Amino acid sequence: MVRIIRTAIIFFSLFCLQSISAQTCSVEIVDVTPVPRADLLCLVVEYESSQLDSVRLTISAQEIDTTVRADESVVIICMACDDVISDTLRLSDPSLMECQDFLTLDSLDCPGTCTIDEVTISEIVCNSDSTIQFLLDFFYDDVTNEFFDVFDDSGNVVYTGRYDSLPVVIHGFPWPGSGRFVIEVADNDNADCSAAGTGESPMCEPGCGFDMELLSLECDSTDLRARILVSCSESADSFRVAFGGVDQGMYSCSGEVISIGPIFLDSALFTIIEVRDLMDTSCAATRIVSNVCINGTCDLADLVAEPYGCTDDKYLVDVDLEREDVGSDSCIIQIGDEIIGTYAYSDVPVTLGPFPDRGREELRVLVTDQIFEYCTDFTEVLWEGCPRDSCEDQLSIVSTTCDDDIPFVLMQLDCRDTTYDYAVVYVESEDTIASGICTDTLALISLRLPSTPDRVLRLRVAYWSSDGDTCRSNITVDNPCYECTLESIAITDIECDSNGLLNFTLDAVHDEPDGTMVNVFGNFREELGTYRLSDFPIRLLGVRPRDSDDQFLLVSLNEDCRVETEFPTPDCLDERPCSDQDFIITEGQCEEREVQLIIVGETLPDTGSYEIFIDGISQGTYDHTEFPILSEPILADGQTVSVVLVLTTPDGVQCEYVERYELPTCTVSSTNPALPQVAIISRSSGIELYWSEPVLARTDIILYDLYGRQLTQAAVRAGDLSLKIAWPDGALGLRFVHVVGTGTYKIIR
């Protein structure tokens, strides 16, 4: 009788297990598990017996144990590993040797000794932030863990990596000063298994360094191609690029996307992209990348993060994801700016935490492949906070009124289930304007607020019970006394001067006292001066025009009271260096009364830099390669905003592009409740969209690349529930999917 025995083998092998049993025997060996213990070899023998009170265990007729009770069903044998070469393990009835079961144990290898040796440090270069980076490699054998740690000479862990990812580039190692420096490499599970390595520290000058971003990596038949973006330090003006040891030429620090390759790597699994300063060869940046012609394209998708549970005001997060053609066995998980740890893909889904509860917050979960940094996926999830009474559920605004320019607000606090102390603070002055106690009832809180010209009133409400439940909420209330007294503005007598500038007359219709001061802004949000309303109408001279069919003007009393207009460009300005173009605006996340706009520059000129303004507030300056742009959160209550893009061309010419956009009213979510919810899944072959219920009308789907260029367009028909779109050729990296009616979504391919 031959039986396959289930085994778990660590550090040594167990082969050829044959089982021969007497036909009437009531003893049966079920499983044998070898376990290493230092220089000993231990076997865990599991067996079954329905009749025996004890069993006898022997190896090659040498008795090991005769006192183990049968109902325990486990015998553990430990012996010197040198004493075991090939033996027969026998389990029997102490009195009836015919009642027995035995195994023949062949080729028992002793536990190995963990070894780390031959630590080499090479390709040492300086970074711009007073750190260095270097290539680390070493020999290892019989290690007891998948990971190793790298220590500096102070005993601090500076890097944790996987053995199977060697060689690795150590980034951000603190500059140790001139001369030789020492690092130590140790097994993550066994600190005694370690070895030291030494390197020669370069003379790092302040400002030396490059930041290299890998935008795409793809296989063209058998050749490897890549696209990178290099940012230079202040001291560098040019650099040379090598790809897999093949020189790719010299480039200037212009911020342009660089295409490198093709190179042929044959059977090599990995290669290095290197950026090195032309004058100071110790100043460089390197990146290990996968040979995707062999490894395939790494793809992480369908990342799901779900926070749950609270214990002692701490919570956990479940993380799950799909993966295809990943380049390693593990990934790095990051929440916000904090790296939580490295996890094997085989352990996913994984539970992270516990984390301290900070109340309601948005968690951004990022997963990156351990080896390939371009292989990543992220998601954002809202953590509602540990269970406690909800301010938003139990607090409501009953009414707002205005009496002689004094705003009054009536609030209701539901405390029918317990007793609450409460306090209301007016945020603008941080003054407590109401406090009290409500006992098992509905409390009406009447607030008399300071007179203010602001459009909205901001309150902070807190309440707490005797058993420790606490809740705080920031509430924004429309000011019932708000009234913008600037009604309109008029532009007349428009003409051009000899320098190509504009002269015109500006007048304002208003109900303000004549001495009230207002600010005037022209094209490019250029300040044209501060004036008394009693001075109007005023003549404005030498206003810089924009290259467009219309010119812009804004008169502002304050942030909440302003009037803007556009007027036709006169015929005397007929030479225009800029083309007339439009751009696309769509909505990103919309909740908690705020929305983020996504600005897609698909039709805009693709040279130069853009400064973006929303209602006169700068959103920053971006290179054309950085589109689409996600704006800062904007208070959204259905108002219309002006989005202005000011282009500065490489020749120094400025062009202005303007769009008006009507914001939604963001109370909880921008998603239209009349539209079914959509789920988007990114796979290696393309994207899949699934709706929660059949769509009511044809819905357009547009796929944009990292630079806001339209890759493809499709549509889902009325009544359909799903749609599949194949990836266009070369579609690698960050993508945006715009679904009409529900917004724009980021995906990773």
Side-chain angles (χ1 to χ4, degrees), residues 213 215 229 255 257 364 378 380 521 523-525 546-550 552 554 564 566 578-591 593-649 653-666 670-671 680 700-713 731 733-748:
E213 180 181 356
L215 300 178
L229 184 63
V257 175
R364 186 179 190 274
F378 72 90
E380 293 176 342
F521 299 88
N523 297 313
F524 314 103
R525 293 310 185 267
R546 70 183 184 191
D547 189 74
S548 174
D549 290 337
D550 298 303
F552 173 83
L554 168 69
E564 61 185 58
E566 291 182 346
C578 305
S579 58
D580 292 333
Q581 300 287 348
D582 297 323
F583 55 93
I584 299 171
I585 305 172
T586 187
E587 297 164 21
Q589 186 171 0
C590 176
E591 60 184 7
R593 299 184 64 83
E594 290 183 333
V595 67
Q596 289 180 280
L597 297 183
I598 298 174
I599 301 167
V600 181
E602 178 187 4
T603 62
L604 293 171
D606 58 1
T607 57
S609 61
Y610 290 85
E611 186 172 9
I612 300 176
F613 298 87
I614 298 180
D615 269 358
I617 300 176
S618 176
Q619 305 291 307
T621 301
Y622 302 89
D623 187 82
H624 69 277
T625 60
E626 297 181 83
F627 282 89
I629 303 300
L630 188 65
S631 77
E632 295 295 325
I634 307 167
L635 186 68
D637 53 10
Q639 77 273 27
T640 298
V641 296
S642 294
V643 181
V644 180
L645 275 61
V646 179
L647 166 67
T648 302
T649 70
V653 176
Q654 283 194 316
C655 312
E656 184 173 318
Y657 303 96
V658 181
E659 293 288 344
R660 303 276 289 170
Y661 190 80
E662 183 177 348
L663 298 179
T665 299
C666 299
S670 63
T671 302
I680 301 178
D700 290 321
I701 315 295
I702 305 173
L703 179 65
Y704 298 101
D705 69 4
L706 180 63
Y707 309 113
R709 296 173 298 207
Q710 180 173 323
L711 296 176
T712 188
Q713 183 171 352
L734 184 64
R735 295 291 175 267
F736 292 82
V737 179
H738 178 69
V739 182
V740 172
T742 64
T744 300
Y745 305 82
K746 291 182 181 180
I747 59 175
I748 298 290

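All values reported here derive from a predicted model rather than from experimental measurement. Numbers for residues simply follow the sequence, beginning at 1.
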(request) Give me the one residue out of Leu663, Thr586, Leu630 that meets side-chain contact (heavy atoms from CB on, under 4.5 Å) with Leu597. (result)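 That would be Leu663.
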
(request) Could you tell me whether a side-chain N or O of Asp623 sits under 3.5 Å from a main-chain N or O of Ser609, the two making a donor and an acceptor? (result)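 Such a contact is absent between Asp623 side chain and Ser609 backbone.
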
(message) Tell me whether Gln619 contacts the main-chain N or O of Glu632 through its side chain, where contact means a donor paired with an acceptor under 3.5 Å.
(response) yes

State, with a plain yes or no, whether a side-chain heavy atom of [X] is found less than 4.5 Å away from one of [Y].
X	Y	answer
Glu566	Val658	yes
Thr649	Pro605	no
Glu564	Phe521	no
Pro628	Phe583	no

Restricting to non-hydrogen atoms, name the atom on [X] and the atom on [Y] that form the minimum distance, rounded to 0.1 Å.
X	Y	answer
Asn523	Glu656	C-OE1, 3.4 Å
Leu647	Thr607	CD1-O, 3.3 Å
Arg660	Ser642	NH1-OG, 2.6 Å

(message) Checking Glu626 against Tyr610 for the side chain to side chain donor-acceptor pair (under 3.5 Å) test, could you report, in this order, the C-alpha distance in whole Å, the side-chain angles of both residues, the deciding distance, and whether it holds?
(response) CA-CA 10 Å; Glu626 297 181 83; Tyr610 290 85; over 6 Å; no

(request) Not counting sequence neighbours, which residues clear side chain to side chain donor-acceptor pair (under 3.5 Å) with Glu611? List them please. (result)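 By the side chain to side chain donor-acceptor pair (under 3.5 Å) rule, Glu611 matches Ser618.
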
(request) Please list, chain by chain and in numerical order, all residues satisfying side chain to side chain donor-acceptor pair (under 3.5 Å) with Asp550, sequence neighbours excluded. (result) none

